[in-house]
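For reference, the structure discussed in these notes is given below.
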Amino acid sequence: MRFKQGICCVVLVSIACVLCPAVSMAQEEATGWRFGVIPRLWVSAITLPDEDNVSNGTVLVPLFGGTVSISPGFAPNVSLLASGFYGTGDGDGVFTDTGADGNLDIKRTDLEVLFRYSFPGTGINLNVGARYVELISKFKTNSGSFNNRDETDLWLGEIGLGFVRDITEDGRHRMFGNLIGSFGNGKNDFKDSQGFKSDDSALAVGADVNIGYQWWVTSFANIGLRYRSFAILTENDFDLTKLVSVHGPEVSIGIVF
């Protein structure tokens, strides 16, 4: 049900943007400012590390969201991008103390703000920004004999490089990619039905890597497809290294005016 609702939201936002291109283009000619609205669907596979007594599987989590971008007329090589994603999914896990199978539920929220500077004539851009990620996982055995809840909140600074390259002479078909490094603080809150609790903070480092293709259908609308991988390294509830990875294909519809 949530998957269908997310699809509907993406479609409605896209239609709303397409219905007003004439007004948008007129505004661009008058002011030189450029605005973008980009609905996105990131079909992500989230892999969580095993806990002390739970073996977690990979969970498919469709992440629905989008990006809003602004490029001022007085600084055409500068853009400000604000992005957000949200999604839920469920998968399988095992309570290793008894070998009992269970269910793993995941909820992920991802908010990001980037300042982007495009170096004129190079196709290279510099990205600097900040990111907040909330990841909540809940495990419960099918028999109900054991459960836990693990919440991680990440506050990250980001810096990295990207590129855009035309692959046709008319510039309607492009390749692009980004490599963004992340660093900051990870706060973890864990508890289970056996009475164990922890509330810790630790250094978090990671990277967001993606590469994709973009087709400009018209002068103000494009379709994008990329493969994106986000990985973060911190410590888990037992002071052991914890690597969480989120990766998968992403499709977007961009409207620029």
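Applying the under-4.5 Å side-chain rule to Ile, Leu, Val, Met, Phe, Trp and Tyr, the cluster around V164 extends to F176. Its side chain within the 4.5 Å cluster rule, W155 clusters with L111, Y132 among the Ile, Leu, Val, Met, Phe, Trp and Tyr residues. Through direct or indirect side-chain contacts shorter than 4.5 Å among Ile, Leu, Val, Met, Phe, Trp and Tyr, I180 is connected to no other residue. Through direct or relayed side-chain contacts under 4.5 Å between Ile, Leu, Val, Met, Phe, Trp and Tyr, F85 connects to W42, I46, L48, V54, V59, V61, L63, F95, L104, I106, V133, L135, F139, F146, L154, L156, F230, I232, V244, V246.
Looking only at side-chain heavy atoms (C-beta outward), F64 and Y86 stay at 4.5 Å or farther from each other. No side-chain heavy atom of I223 sits under 4.5 Å from any side-chain heavy atom of Q214. With contacts defined as side-chain heavy-atom distances shorter than 4.5 Å, the pair F257/F220 does not qualify. Counting heavy atoms from C-beta outward, E158 and V113 have side chains that stay 4.5 Å or more apart.
Residue pairs satisfying the side chain to side chain donor-acceptor pair (under 3.5 Å) criterion with at least one member in residues 90-109, sequence neighbours excluded, are listed as follows: R108-D110. Within the structure, salt bridge (Lys or Arg N to Asp or Glu O under 4.0 Å) contacts touching residues 209-219 (residues at least two apart or in different chains) do not occur.
Criterion: ILVMFWY side-chain heavy atoms under 4.5 Å apart, direct or through other members. Under it, V217 and Y213 are part of a common hydrophobic cluster. Linking Ile, Leu, Val, Met, Phe, Trp and Tyr residues whenever their side-chain heavy atoms come within less than 4.5 Å leaves L80 and F74 in two separate clusters. When hydrophobic clusters are built by joining Ile, Leu, Val, Met, Phe, Trp and Tyr residues whose side-chain heavy atoms come closer than 4.5 Å, directly or via intermediates, L161 is not grouped with L81.
Under the side chain to side chain donor-acceptor pair (under 3.5 Å) criterion, S44 pairs with no residue, sequence neighbours left out. Partners of Y227 by ring pair (Phe, Tyr, Trp, His ring centres under 6.0 Å), not counting sequence neighbours: none found. Taking R228 as the reference, D208, E250 meet the side chain to side chain donor-acceptor pair (under 3.5 Å) condition, with sequence neighbours excluded. With sequence neighbours excluded, the residues satisfying side chain to side chain donor-acceptor pair (under 3.5 Å) with E151 are R149. Remark: F183 engages no residue in a ring pair (Phe, Tyr, Trp, His ring centres under 6.0 Å) (not counting sequence neighbours). Considering only residues two or more places apart in sequence or on other chains, R172 meets the side chain to side chain donor-acceptor pair (under 3.5 Å) condition with none of them.
Among all heavy-atom pairs drawn from S193 and S145, the shortest one is OG-O, 4.2 Å. The two residues G186 and A204 make their nearest non-hydrogen contact at N-CB, 4.0 Å. The two residues D150 and E51 have their closest heavy-atom pair at OD2-OE2, 2.8 Å.
No side-chain donor-acceptor contact under 3.5 Å links S71 to the backbone of S79. A donor-acceptor pair under 3.5 Å links the side-chain atoms of N56 to the main chain of P49, judged by distance alone. Side chain of S252 to backbone of G254: no donor-acceptor contact under 3.5 angstrom is found.
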Report task. Let me see the working for K187 and D199 under salt bridge (Lys or Arg N to Asp or Glu O under 4.0 Å), right down to the final yes or no. Result -> CA-CA 7 Å; K187 183 177 182 300; D199 186 359; 3.0 Å; yes

Query - Steps toward ring pair (Phe, Tyr, Trp, His ring centres under 6.0 Å) verdict (Y117, F119) - result: CA-CA 6 Å; Y117 177 76; F119 296 96; 5.1 Å; yes

Query - Stepwise side-chain hydrogen bond (donor to acceptor under 3.5 Å, both in side chains) check, S198 with K191 - result: CA-CA 7 Å; S198 70; K191 61 181 179 181; over 6 Å; no

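Using a 4.0 Å cut-off between a side-chain N of Lys or Arg and a carboxylate O of Asp or Glu, K197 and D192 do not qualify as a salt bridge.
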